[in-house]
Amino acid sequence: MNSIITRFPPSPTGYLHVGGARTALFNWLYARNKKGKFVLRIEDTDTVRSTQASVDAIFEAMQWLELDWDEGPFFQTQRFDLYREYLQKLLDSGDAYYCTCTPEEVDAMRQKAKAEGGKPKYDGRCRDRGLPKSDNAVIRFKSPLSGTTVVEDVIKGNIVFQNSEQDDFVICRSDGTPTYNFVVVVDDITMGINTIIRGDDHVMNTPKQILLYKALKASLPVFGHVPMVLGKDKTRLSKRHGAMSVTAYRDMGFLPDAFINYLVRLGWSHGDQEFFTREELVEKFNLESIGKSASVFDMDKLTALNADHIRAASVSELAPRLLPFLQAKGYDAVDDQYLKGVIETLHNRSKTLVEMAEGAHFYYREDVRPYDAKAAKKFFKPEMAKVLASLADQLETLEDMSEKKQEAVFKDLMEQTGLGFGKIAQPVRVALTGTTVSPGIFEMITALGKKRVVDRLKLAVEFIESMGS
Ligand code: GLU
């Protein structure tokens, strides 16, 4: 086969949802794996439901997921001349015809067919009338009356459709606009698409499309229909199951690589491996290992996988990703060494970037006061003023702030005061963070840096003294 060309053709009638993103991902991965091309096409012929906001949302989501395309974006609304040309081809070859039956007449035919126990369909009344073009005429495809059309699905196996069940479907409405199945085929042929992976909600369209390919004497692409993504209650994934929009997961603090890792596992497997880097996915993805059964979207699994990706990511990768979350909290954060130090202490403790930004509060708040009332009451005992003051003095004179040196200072203090490590560490933690929850004391002191640590210890001393007076 020539080089693989796949496509993702969303209809811009809403945001990019989980199922759509998985389809995009499978096509992108397959193209990348085969060093082929990935085409983005916006199917915006439904001008009533299509919006620019949805187009923008789709681009934004694709960019977040880092699913780059080699050609496009193409917009179907800009391709009407091409569709007209292909309609004419089918009219010329006798594979399409004008039909002037009114909607009421077609409705009556459908009712009749149904009453006779058949499939509701158009009865072919205008098929051989050779009607000319006219104002209210639609164009219908002349579908074969007998035989079968087989969808050789790489995921589901062969699916056989009886042509006798197929009606002469409309390919161009009376207002001159071509219909969905027709434009998809014209696009896929003219864009050289040879592999089509899409949701199995499109299976019923595929025999119609295959018939069009044949009439246009074009070679068939490989088709694969991926089973649906379900919610935990095994019904089709919907808003009820949580956020549907892909960018909502970005805003919840998921990493794009974690998200695509989770998406790919909704239908594709490689032994029992769960964690994949993007590069590994590109290397290993194939069509043979896409499963036949529907998969279930599970927020807990996604979150656990995100934690694994955060842990595995380097601080320099995480820094620009965390930054917007810190800035959204109003912190004056920039991508610098300080931020990297902060992440160093938090990335093994955070399941999402939102959690990490929350955990970073004391690194970016200039003043950690007011202290958590319960913590202050419990740990800021009058006798701690001296201990914290002494710690501040000793740390201030340290030239080398390595964790080893910090430990030595703490040890010294423990010996002098007879207090255990925890008895000193907890008040220090409250002084430095305002709370009792934080990363390890020494790594936190390292990240905060000497000046902040000393200043905060001194403020705590003042606070304790003021309580006593
Ligand atoms: N525009 C269609 C959709 O968003 C996709 C059609 C296709 O993959 O052939 O569902």
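Values below: all heavy atoms of this structure, side chains included; hydrogens, waters and symmetry mates excluded. Owing to the predicted nature of the structure, the values given are computational and were not obtained by experimental measurement. Every number for a ligand or one of its atoms is a count from 1 in the order of the listing.
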Handout entry: Donor-acceptor contact present, side-chain Ser289 to main-chain Phe285, <3.5 Å
Key =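 A pair under 3.5 Å: no.
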Handout entry: Per-atom contacts of ligand 1 with Arg198, taking only distances under 4.0 Å to non-hydrogen atoms
Key =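 Taking each heavy atom of Arg198 in turn, ligand 1 has 7 (C), 8 (O), 9 (O) under 4.0 Å.
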Practice task
Report, in ascending order of atom number, the atoms of ligand 1 lying under 4.0 Å from any heavy atom of Ser11.
Solution key: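 It comes down to these atoms of ligand 1: 1 (N), 2 (C), 3 (C), 4 (O).
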For [atom], closest protein heavy-atom neighbour:
atom                    : value
atom 10 (O) of ligand 1 : His202 NE2, 2.9 Å
atom 5 (C) of ligand 1  : Pro9 O, 3.5 Å
atom 1 (N) of ligand 1  : Glu43 OE1, 2.5 Å

Exercise for the section: Please assess Glu60 against Arg250 for the test salt bridge (charged side-chain N to carboxylate O under 4.0 Å, His left out), listing each intermediate value before the final yes or no. Expected result: CA-CA 11 Å; Glu60 193 186 329; Arg250 173 195 62 195; 2.8 Å; yes
Practice task
Decide whether an N or O pair under 3.5 Å exists between Pro10 and ligand 1.
Solution key: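 In this structure, Pro10 places no N or O atom under 3.5 Å from an N or O of ligand 1.
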Handout entry: Minimum heavy-atom distance between Arg311 and His347, given as atom pair plus value
Key =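 Taking Arg311 first and His347 second, the nearest heavy atoms are O-CE1, 3.5 Å.
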Exercise for the section: Considering non-hydrogen atoms only, spot the tightest contact between Glu366 and Arg452 and give its length. Expected result: OE2-NE, 4.3 Å
Handout entry: Carboxylate-amine/guanidinium contact Asp68 Arg32, below 4.0 Å
Key = yes
Exercise for the section: Assess Arg7 for proximity to ligand 1: is some non-hydrogen atom of it under 4.0 Å away? Expected result: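 For ligand 1, residue contact (heavy atoms, under 4.0 Å) with Arg7 is present.
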Practice task
Give a yes/no verdict on whether any heavy atom in Tyr180 is under 4.0 Å from an atom of ligand 1.
Solution key: yes
Exercise for the section: Indicate, with yes or no, if the rings of Phe182 and Tyr86 have centres closer together than 6.0 Å. Expected result: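 Here the rings of Tyr86 and Phe182 have centres that are no less than 6.0 Å from each other.
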